[in-house]
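Below: the structure, in structure tokens.
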Number of protein chains: 2
Amino acid sequence: MACSRFAVAIHLLTLATLAGADGTGRSGGAPTSARMAESVGTNPVVVRRLLGLLREAGLVTSRAGPGGGWRTTGPPEGTTLLDVYRAVTCDSVLPLADADAAGACPIGREVHRALDAVVAEAQAAMERGLAAVSLADILADVRAGCPGCEVGPVASTTRLAGEAP
Amino acid sequence: MACSRFAVAIHLLTLATLAGADGTGRSGGAPTSARMAESVGTNPVVVRRLLGLLREAGLVTSRAGPGGGWRTTGPPEGTTLLDVYRAVTCDSVLPLADADAAGACPIGREVHRALDAVVAEAQAAMERGLAAVSLADILADVRAGCPGCEVGPVASTTRLAGEAP
DNA sequence: CATTCCCGTAACTACGATGGTTACGATTCG
DNA sequence: CGAATCGTAACCATCGTAGTTACGGGAATG
């Protein structure tokens, strides 16, 4: 299952929002996959793969070349956690093995059919919980928890290796 | 993630309930792991492993030796799908990677903290959906879908090799 | 135009979870 | 005792995910 992808995706969207729409309007605000990877603690390729899923979902855009990077497409109020969850999660939360339905035993088919409705409702309940929270809510929590974050997106790694002092 | 285990566990509990508490009171009603495996379409060892988890949760009991097998411990009204889900599922539905919290970036910590509450609530909503359905409800659906199932638990394999006619 | 930066993606490895299979000891009934 | 059945260890195959390296292509800038 998509284990850590969900949390990392929220992290990346938070970084893109804080740096890209920070109110200063400077063009260098779009963070690169390398910076994001350093912040998250993983590889730039992993970040690009994950952001690629978010781009397919229409949540971010990318631009190549110097000064390029990743930006969110809309205001953080417009994207819910369910949008992010669906973008980065491939399979269902409670995947019912289709192999069970193919068994010769009629009980298997009936159990599968009865379970389908229950699981669908349980999953819908979970998705309603995710849909009730937007990226803006998460951002508000982050800003409340570390007020200095919006100034320097990655406080502990503001000075990167290749940057001139 | 525990993919097909949940559906298979419900299937096994259905078999044990139909055969063990069929109202006839005959002692030979407890199905063996071999019979269940044939019905589910898998290996007896896999069935025993899964039933072992259900036994740890107190949902079934086992007895060795000839005439042994598996029985449910209580009436099907007493066990909910959430009980089964928790018995066979090891990890959380939306596991938040702890590695994300260990990152140096303060945003990661705050994102993780903010997400914790949301995910807990979403998962609780899903679990309420599972807790609302009992094994008896599933049994009712199965009985409605295949009325002959309760007479012979495994209709297509009622006559096994070792059984006297 | 050349350089430099950055995205996009393929290919490979590593690792853990899961399921399937075999095997063997322990237990229970006749 | 012998047969049936559980309990469990051991091993292998498969799959999803993460990490890593590598390379091609587009974009800004001198």
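Note that the structure is a prediction, hence the values are computed from the model and not measured. Chain A is the first sequence line, chain B the second, and so forth, proteins listed ahead of strands; every chain is numbered from 1.
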Could you check if a side-chain atom of [X] sits within less than 4.5 angstrom of a side-chain atom of [Y], using non-hydrogen atoms only?
| X | Y | answer |
| --- | --- | --- |
| A:Trp70 | A:Leu12 | no |
| B:Leu81 | A:Leu115 | yes |
| A:Ser39 | A:His11 | yes |
| B:Thr80 | B:Val133 | no |
| A:Val84 | A:Leu13 | yes |

Check the phosphate of [N] against [X], side-chain N and O only, distance under 4.0 Å to OP1 or OP2. Yes or no?
| X | N | answer |
| --- | --- | --- |
| B:Ser62 | D:dG7 | yes |
| A:Arg55 | C:dG8 | yes |
| B:Thr42 | C:dG20 | yes |
| A:Thr32 | C:dC7 | no |
| A:Arg5 | D:dA18 | yes |

Quiz item: Given D:dA22, C:dA23, D:dT17, which nucleotide is nearest the side-chain atoms of A:Arg48?
Solution: D:dA22
Practice problem: From the options D:dT21, D:dG7, C:dT21, select the nucleotide whose nearest atom is closest to the side chain of B:Val45. | Solution: C:dT21
Find the distance [X]:[atom1] to [N]:[atom2] and express it as a whole number of Å.
| X | N | atom1 | atom2 | result |
| --- | --- | --- | --- | --- |
| B:Asn43 | C:dT18 | CG | P | 18 Å |
| B:Arg71 | D:dT5 | CZ | C1' | 14 Å |
| B:Leu50 | C:dG20 | CG | C1' | 14 Å |
| B:Leu51 | D:dT8 | CG | P | 13 Å |
| A:Phe6 | D:dT17 | CZ | C1' | 18 Å |
| A:Leu54 | C:dC7 | CG | C1' | 15 Å |
| B:Met36 | D:dT5 | CE | P | 13 Å |
| A:Leu53 | C:dT9 | CG | C1' | 13 Å |

Self-check item: Value rounded to 0.5 Å, distance of CE in A:Met126 from CG in B:Leu130
Solution: 11.5 Å
Quiz item: Contact class for A:Gly52 (heavy atom, under 4.0 Å): base, sugar-phosphate, or nothing?
Solution: nothing
What's touching nucleotides 27-30 of chain C from the protein side, N or O pairs under 3.5 Å?
none

Report all side-chain donor-acceptor pairs from residues 41-60 of chain A shorter than 3.5 Å, counting only partners two or more places apart or in another chain.
from, atom 1, to, atom 2, distance (Å)
A:Asn43, OD1, A:Val45, N, 3.0
A:Arg48, NH1, A:Ser33, OG, 3.0
A:Arg55, NH1, A:Ser62, OG, 3.0

Quiz item: For B:Ser33 and B:Arg49, take the nucleotide of DNA chain D holding the closest heavy atom to each; which residue's nucleotide lies nearer the 5' end?
Solution: B:Ser33
Self-check item: Residue whose nearest DNA chain D nucleotide is more 5′ - A:Val46 or B:Gly68
Solution: B:Gly68
Quiz item: Any ion pair linking B:Arg113 and B:Glu110 (charged N to carboxylate O, less than 4.0 Å)?
Solution: yes
